[in-house]
Structure formats: C-alpha cells, structure tokens
Student: 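Below are the structure tokens for one structure; questions will follow.
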Amino acid sequence: MTADIRELRQAFDDAELRADTDRLDALLADDFMSIGERGYQLDKRQWIDRHADFGYLSLETSELDVRCYDRAAIVRCVQRSRASWRGDVMTLTVRLSQTWIELPGGWRLAGIQFSSLDQARTP
C-alpha cells in the first residue's frame with residue numbers, strides 16, 4: 001500500500017505542476033479541504049480553481065514519510081517550490097501533511113495542510 005500512496009502523491013504533485021485540473025478533480029475527494037500556511041481553507045472546487053491565478057514553476061519534495069493505516073494514509077514531507085501568484089513569483093519552503101483515504105472508487109486525497117519553514121532553518 002505504501003508504494004501506491006507514493007505513486008498517488010507523485011501524481012498529485014505532477015498534476016499541480018502542470019495545472020492539470022482534470023487529474024486534480026479525479027485525485028481529490030469530494031469533501032477535500034486544504035489548510036494553508038496562514039490558516040485559510042479551500043474546498044475541492046476552490047483548490048482546483050486557484051490554478052487560474054496560481055501556477056508552479058518548480059516543485060521538489062524531500063523528507064517523504066508515508067504512514068499507512070486500515071483505509072487511510074498520512075503523508076508528510078518538505079516541499080520547496082517556485083510559484084507564480086497573479087504574476088508575482090515567490091519561493092516557498094513548507095512542511096506539509098496529506099491525508100489519503102480509500103473510497104469505493106479508489107484512493108483520494110481528503111486533506112492537505114501546509115506550514116511554512118523558516119528559510120534559515122530548512123533542512
């Protein structure tokens with residue numbers, strides 16, 4: 001199961017990097033919720049629609065840790081990215097947590113939460 005979750009996590013990152021909204025729609029649970037680094041929340045539609053103003057220029061994941069349970073998996077990692085938000089380029093380093101759940105149609109990402117890392121303290 002760990003290998004499956006690792007593949008799904010990579011598919012999610014690839015879809016994010018390419019702004020592949022159809023793939024994101026298939027990977028996210030209908031009740032998906034994200035919590036941003038400043039506490040804001042986005043549901044599935046808001047997450048997908050943000051690609052109208054937001055795009056990744058690069059996305060690198062490290063320190064990947066996958067914990068599998070009966071019908072759920074928690075993924076924790078560090079991501080370094082360059083992105084554009086409404087034309088402004090930004091560099092981000094975040095620790096994130098993803099919650100994947102197994103549904104009748106397969107595994108879906110139910111939640112994601114970001115925490116900014118201080119650039120001087122990043123591993």
Side-chain angles (χ1 to χ4, degrees):
M1 178 163 72
T2 299
D4 292 340
I5 298 300
R6 286 176 181 268
E7 287 178 24
L8 287 167
R9 189 215 55 83
Q10 185 61 54
F12 175 77
D13 281 1
D14 292 344
E16 282 287 291
L17 189 56
R18 290 190 205 104
D20 184 343
T21 56
D22 290 335
R23 183 69 173 134
L24 289 171
D25 188 56
L27 288 168
L28 300 180
D30 288 341
D31 61 351
F32 168 86
M33 185 65 66
S34 75
I35 301 173
E37 59 184 310
R38 294 190 179 152
Y40 60 88
Q41 296 183 23
L42 298 176
D43 65 19
K44 179 177 180 174
R45 182 56 31 214
Q46 291 167 323
W47 181 268
I48 292 170
D49 289 348
R50 84 190 205 295
H51 283 286
D53 295 318
F54 175 86
Y56 282 106
L57 305 171
S58 65
L59 181 61
E60 173 192 323
T61 300
S62 62
E63 299 183 44
L64 185 62
D65 178 55
V66 178
R67 307 285 173 106
C68 295
Y69 303 94
D70 184 30
R71 297 179 62 199
I74 307 296
V75 175
R76 295 178 190 94
C77 61
V78 171
Q79 283 191 337
R80 290 172 181 80
S81 65
R82 284 183 31 86
S84 175
W85 172 254
R86 297 183 176 162
D88 293 329
V89 175
M90 64 186 99
T91 301
L92 302 170
T93 302
V94 298
R95 187 170 306 277
L96 69 86
S97 177
Q98 296 177 336
T99 303
W100 290 84
I101 57 172
E102 187 177 24
L103 298 172
W107 286 91
R108 299 292 183 267
L109 181 58
I112 190 168
Q113 183 166 356
F114 298 87
S115 297
S116 293
L117 290 174
D118 183 345
Q119 294 292 337
R121 294 184 180 169
T122 55

Student: State, yes or no, whether a side-chain contact exists between Glu16 and Leu24 at a heavy-atom distance under 4.5 Å.
Tutor: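 The answer is yes, as the side chains (C-beta and beyond) meet within the 4.5 Å cut-off.
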
Student: Could you measure the distance from the CG atom of Leu96 to the CG atom of Leu117? Nearest 0.5 Å is fine.
Tutor: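 Result: 9.5 Å between the selected atoms.
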
Student: Taking all heavy atoms of Asp30 and all of Lys44, pick out the closest pair and write down the distance.
Tutor: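 Minimum heavy-atom contact is OD1-NZ, 3.2 Å.
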
Student: Quick one: pull up CG in Asp13 and OG1 in Thr61 and give me the separation to the nearest 0.5 Å.
Tutor: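 That separation rounds to 4.0 Å.
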
Student: Check the hydrophobic clustering (I, L, V, M, F, W, Y; side-chain heavy atoms under 4.5 Å; chains of links allowed) and say if Ile74 and Leu64 are grouped together.
Tutor: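 They do not share one cluster, since no chain of ILVMFWY contacts under 4.5 Å joins Ile74 to Leu64.
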
Student: Start with the C-alpha distance between Val66 and Arg9, add both sets of side-chain angles, then the distance that settles side-chain contact (heavy atoms from CB on, under 4.5 Å), and finish with yes or no.
Tutor: CA-CA 10 Å; Val66 178; Arg9 189 215 55 83; over 6 Å; no

Student: Is there a path from Leu109 to Tyr40 through hydrophobic residues (I, L, V, M, F, W, Y) whose side chains come within less than 4.5 Å of each other?
Tutor: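 Looking at the clustering, Tyr40 is in the same group as Leu109.
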
Student: Could you report the tightest heavy-atom contact between Arg76 and Ser97, atom names first, then the distance?
Tutor: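 Taking every non-hydrogen atom into account, CG-OG, 4.2 Å.
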
Student: Any heavy-atom pair between the side chains of Arg50 and Thr21 that's under 4.5 Å?
Tutor: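 Sidechains of Arg50 and Thr21: no contact.
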
Student: Transitively linked via ILVMFWY side-chain contacts under 4.5 Å: Val75 with Phe114?
Tutor: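 Both belong to a single hydrophobic cluster.
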
Student: Name each donor-acceptor pair under 3.5 Å that joins a side chain in residues 52-60 to protein atoms two or more places apart or in another chain, with its distance.
Tutor:
residue : atom : partner : partner atom : Å
Ser58   : OG   : Arg82   : N            : 3.4

Student: Which heavy atom of Ala73 sits nearest a heavy atom of Ile5, and at what distance?
Tutor: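 Between these two residues, the closest heavy atoms are CB-CG1, 3.8 Å.
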
Student: Taking Arg71 for its side chain and Glu102 for its backbone only, find out whether a donor-acceptor pair lies under 3.5 Å.
Tutor: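 Judged by distance alone, yes, a pair lies under 3.5 Å.
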
Student: Got a second to check how far Gln113's CD is from Ser34's OG, nearest 0.5 Å?
Tutor: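 If we round to the nearest 0.5 Å, Gln113:CD and Ser34:OG are 9.5 Å apart.
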
Student: What heavy-atom pair brings Ile112 and Phe12 nearest, and what distance separates the two atoms?
Tutor: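 Scanning both residues, the minimum pair turns out to be CD1-CE2, 4.1 Å.
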
Student: Quick one: sort the Trp47 and Phe32 rings into parallel, tilted or perpendicular, breaks at 30° and 60°.
Tutor: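 It falls in the perpendicular class, over 60°.
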
Student: Go through the steps to decide whether Asp14 and Asp20 satisfy the test side-chain contact (heavy atoms from CB on, under 4.5 Å), and finish with yes or no.
Tutor: CA-CA 8 Å; Asp14 292 344; Asp20 184 343; over 6 Å; no

Student: Any donor and acceptor pair, going by atom type alone, linking the side chain of Gln46 with main-chain N or O of Asp43 inside 3.5 Å?
Tutor: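 Yes, because the side chain of Gln46 sits within donor-acceptor range (under 3.5 Å) of the backbone of Asp43.
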
Student: Quick one: closest heavy-atom pair of Cys77 and Ser62, and the distance?
Tutor: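 For Cys77 and Ser62, the tightest heavy-atom pair comes out as CB-O, 3.4 Å.
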
Student: Can Arg80 and Val78 be said to form a side-chain contact (heavy atoms from CB on, under 4.5 Å), step by step?
Tutor: CA-CA 7 Å; Arg80 290 172 181 80; Val78 171; 3.6 Å; yes

Student: If you take all heavy atoms of Arg108 and Ala29, which pair is closest and at what distance?
Tutor: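 Smallest heavy-atom distance, with atoms named: CB-N, 3.7 Å.
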
Student: Verify the cluster assignment for Leu27 and Met33: are they in a single hydrophobic cluster under the rule of side-chain heavy atoms below 4.5 Å apart?
Tutor: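 No, because Leu27 and Met33 fall into different hydrophobic clusters, even though each may have its own neighbours under 4.5 Å.
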
Student: Roughly how far apart are Leu8 CG and Trp100 CH2, rounded to 0.5 Å?
Tutor: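 The CH2 atom of Trp100 is 4.5 Å from CG of Leu8, to the nearest 0.5 Å.
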
